[in-house]
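Sequence lines set the chain letters: A, B, ... in the order given, protein chains first and strands last, and positions in each chain run from 1.
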2 protein chains.
Amino acid sequence: MAKKITIYDIAREAGVGIGTVSRVLNNNPSVTPETRTRVTEVAKRLSYQPHTYAQRLARQQSETISAVIPFFTSYFFMEVLRGVQEKVSEYGYDLVLYGVEHADEVESYVAKALRRGKVDGILFFSMKMPDRVLADLKESNLPVGLVDAVSPSFDSISVANSEGAYTATTHLLELGHRKVGMVNAQSMSTPALERLQGYRRALEEQGIPYSDSIVRCGKNTRHDGFNRDSGYEAMLDFIAMGPDMPNAFFISSDIQAFGAIAALNEKGLRVPEDVAMVGFDDIELARLMRLTTMRQPMFQMGVLAIERLVARMSHPEMEILHTTFSPTLIVRESCGALMTSEGTPSAKSRLR
Amino acid sequence: MAKKITIYDIAREAGVGIGTVSRVLNNNPSVTPETRTRVTEVAKRLSYQPHTYAQRLARQQSETISAVIPFFTSYFFMEVLRGVQEKVSEYGYDLVLYGVEHADEVESYVAKALRRGKVDGILFFSMKMPDRVLADLKESNLPVGLVDAVSPSFDSISVANSEGAYTATTHLLELGHRKVGMVNAQSMSTPALERLQGYRRALEEQGIPYSDSIVRCGKNTRHDGFNRDSGYEAMLDFIAMGPDMPNAFFISSDIQAFGAIAALNEKGLRVPEDVAMVGFDDIELARLMRLTTMRQPMFQMGVLAIERLVARMSHPEMEILHTTFSPTLIVRESCGALMTSEGTPSAKSRLR
DNA sequence: CTGAAAGCGCTAACAC
DNA sequence: GTGTTAGCGCTTTCAG
């Protein structure tokens with residue numbers, strides 16, 4: 001530790017008071033150019049480094065934003081986090097990360113985070129938080145932002161899950177499929193629930209009765225079920241239905257779609273010839289796998305979340321804002337839309 | 001902000017001195033059980049929250065560890081970060097994240113991080129840092145750990161890149177391939193360089209002359225080149241060689257391998273029938289894609305990195321430790337090893 | 001414009 | 001055991 005140089009050292013060395021030193025360090029205009037340069041030089045010569053926590057204590061603010069995220073259940077968070085990180089550092093804040101696996105951990109975390117002055121703002125990702133926690137948070141008056149989650153009391157950035165699922169399902173229906181199943185994630189997850197609703201609405205709008213029997217979630221429900229294995233198992237389950245199996249699927253996430261494809265391939269079934277599918281997320285590999293999917297502007301969501309949070313930090317009374325992004329349909333080959341009119345896929349269309 | 005309750009408030013309310021309050025709050029044994037409970041109760045009643053930064057200032061320690069990572073150039077970092085996060089919170093530290101895109105950003109970051117007392121330790125990921133920065137760091141005496149990078153002056157956790165590449169290439173060679181090419185990342189990246197060396201050594205050991213002409217890095221060298229597009233373009237380049245193209249490849253990362261497969265498929269070439277390949281990393285999707293690859297224990301690396309760092313924080317004089325993990329070969333189908341003796345892949349072996 | 005002094009909230013050494 | 005006091009290093013009045 002470079003000998004702990006404090007403003008006292010540089011004050012003495014420069015022959016001024018600590019107040020003046022603090023002023024030049026903080027670019028306070030009321031300092032003579034001469035003193036300013038003198039102080040600046042001494043500071044540099046002594047390679048002075050302000051003590052972060054002393055500043056934070058005196059200023060009564062942390063210059064820190066924290067993000068509480070389900071660590072890391074998916075690629076989705078990583079992308080959003082990139083946006084968050086970029087913006088946070090642009091604003092000059094520190095980003096502290098908290099990973100939680102279960103909802104109950106959130107509570108203990110919130111308690112710690114609420115330590116007075118610890119953070120200037122918090123972002124919660126995809127968390128279904130207990131009402132009491134929500135109440136505590138609200139009462140604390142701490143700026144809070146929700147990402148991929150919604151609550152009336154806080155700003156939120158989310159995706160129109162229901163709408164996206166509706167679009168995806170409708171796309172499949174319009175391609176002529178009548179029996180469209182759904183591979184879903186854990187129904188306790190809000191996005192999963194909303195996507196299910198969208199799927200259902202699309203079906204009903206086309207006069208197709210909804211049936212629980214063609215909606216599955218893999219047994220392997222580690223975390224929220226938005227994972228490869230869950231998709232794999234759900235599809236295996238469908239395949240076991242034999243001839244009754246749907247020939248088209250809306251799948252609640254790309255990663256699950258990949259699992260489903262693996263299951264299909266293993267059983268000798270091909271996409272899109274034997275079964276068509278559309279995913280959700282548009283993660284990087286979706287393009288590679290030629291998966292038709294619903295794109296979410298993940299990075300943008302992260303950026304916006306921080307912008308909103310920072311805005312609220314400076315204007316606490318600002319009215320609560322809920323922003324919803326509409327996912328867009330990215331047509332690739334897994335849905336079969338690019339098949340030739342003869343009903344066989346074009347050379348490039350055959351998935352993988 | 002719940003009215004800023006301080007230890008003074010609770011001292012007054014409980015009829016004791018702030019010293020005592022501090023003691024019970026810090027579980028200092030020298031307090032009568034009676035006073036202890038009394039103080040505890042008052043604290044709870046007032047829902048007291050210690051001020052983090054006041055504590056840190058007084059204690060002269062930050063209880064914070066920071067991680068500087070190329071944000072997020074790949075899945076690799078995310079996995080390691082999961083291990084890091086888990087361990088950090090287990091130790092009760094805060095994790096602050098810094099994302100850097102270019103090497104020069106590292107310097108300015110280090111300057112900020114070195115602000116006296118800001119962090120108790122830093123982890124640098126895959127960074128090739130200027131010597132001067134290294135020197136500053138060393139001089140600062142701050143506990144530092146390197147992940148996926150090595151320097152004589154600091155603890156490090158890394159992977160035997162050369163060895164892994166050697167194993168991968170040898171595997172291909174032993175499968176009977178004589179013309180084994182390599183798709184590499186940016187040669188400025190240390191891992192990329194090391195993997196190249198391992199590849200080369202394997203070749204030469206089998207008496208096959210090394211040739212620059214069958215080692216490529218995609219033009220699209222965003223970041224360090226460990227990305228899908230780089231693999232895609234490199235392979236397109238190879239395909240352009242026509243009949244001279246190698247029929248087997250060691251590819252420096254899985255994600256690049258996926259890009260390469262996409263390029264191959266686009267041109268009507270199949271894996272492993274037309275070209276065999278083995279990747280590096282064993283990211284989640286590798287299993288799904290049936291990619292033979294070299295597995296790195298990413299999560300474990302993160303865990304170990306923190307354990308080491310924490311150890312060094314308490315024993316600064318501990319001798320410097322370099323830990324190297326040997327990647328293990330995971331044989332799946334992309335290398336063709338699972339083909340039937342007739343030379344055609346088994347039903348399940350055909351990639352995708 | 002600038003020096004002195006009073007905090008910011010907590011820890012820890014020191015008496016009683 | 002427990003109260004008192006002196007910092008931790010910086011910001012911010014408040015005089016002058």
Here's a test of your reading of the structure: between B:Gly17 and A:Thr52, which maps to the more 5' nucleotide of DNA chain D?
B:Gly17
Check this one for me: any side-chain N or O of B:Gln60 less than 4.0 Å away from OP1 or OP2 of C:dC10?
no
Interatomic distance where CG belongs to B:Leu57 and P belongs to C:dA12 [whole Å]:
12 Å
For residues 12-21 of chain A, the side-chain hydrogen bond (donor to acceptor under 3.5 Å, both in side chains) pairs (sequence neighbours left out) are A:Asp9-A:Arg12
Give B:Val16 one of three labels, base, sugar-phosphate or nothing, depending on what nucleic acid heavy atoms sit under 4.0 Å from its own.
sugar-phosphate
Check whether the side chain of A:Arg23 and the base of D:dT13 form a donor-acceptor pair under 3.5 Å.
yes
Return the orientation label for the B:Tyr53 and A:Tyr53 ring planes: parallel under 30°, perpendicular over 60°, tilted otherwise.
parallel
Residue-phosphate contact under 4.0 Å: A:Arg59 side-chain N/O, C:dG7 OP1/OP2
no
In whole Å, I'd like the distance from the CD1 atom of A:Ile18 to the P atom of D:dG9.
12 Å
What is the separation between atom CD1 on A:Ile10 and atom P on D:dC10, rounded to the nearest whole Å?
9 Å
Taking the nucleotide of DNA chain D with the closest heavy atom to each, which residue, B:Pro33 or A:His51, is nearer the 5' end?
B:Pro33
Would you call A:Glu79-A:Arg82 a salt bridge at under 4.0 Å N-O?
yes
Check this one for me: any side-chain N or O of B:Ser22 less than 4.0 Å away from OP1 or OP2 of C:dT11?
yes
Please work out if B:Ser30 contacts a base, only the sugar-phosphate, or nothing of the nucleic acid, heavy-atom cut-off 4.0 Å.
base
Out of D:dT2, D:dG9, C:dT11, which has the shortest distance to the side chain of A:Ala54?
D:dG9
DNA chain C: 5'-proximal contact among A:Arg36 and A:Tyr8 (nearest heavy atom):
A:Arg36
Please tell me if B:Gln55 has a side-chain N or O lying less than 4.0 Å from either OP1 or OP2 of C:dT11.
yes
Within this structure, what is the CG-to-C1' distance between B:Asn26 and C:dA13, rounded to whole angstrom?
15 Å
Report the C-alpha distance between B:Val310 and B:Lys87 in whole Å, list the side-chain angles of each, state the deciding distance to 0.1 Å, and finish with yes or no for side-chain contact (heavy atoms from CB on, under 4.5 Å).
CA-CA 10 Å; B:Val310 170; B:Lys87 219 59 191 173; over 6 Å; no
Using whole Å, what does the distance between atom P of nucleotide C:dC1 and atom CZ of A:Arg38 come to?
15 Å
Rounded to whole Å, please give me the gap between CZ in B:Arg56 and P in C:dG9.
16 Å
Could you work out which one of C:dC10, D:dT11, C:dG9 sits closest to the side chain of B:Lys4?
C:dG9
Taken to the nearest 0.5 Å, the spacing of A:Thr64 OG1 from A:Gln61 CD works out to 9.5 Å
Check this one for me: any side-chain N or O of A:Arg116 less than 4.0 Å away from OP1 or OP2 of C:dC10?
yes
Separation of atom CD in A:Glu63 from atom C1' in D:dT11, rounded to whole Å:
12 Å
Would you kindly give the CD-to-P distance between B:Gln49 and C:dC10, to the nearest whole Å?
11 Å
Identify whether any heavy atom of B:Leu25 sits under 4.0 Å from a base atom; if not, whether one sits that close to sugar-phosphate; answer base, sugar-phosphate or nothing.
nothing
Looking for any heavy atom pair under 4.0 Å, which part of the strands does A:Thr32 touch: base, sugar-phosphate only, or nothing?
sugar-phosphate
Interatomic distance, OG@B:Ser89 vs CD1@B:Ile65, rounded to 0.5 Å, equals 10.5 Å
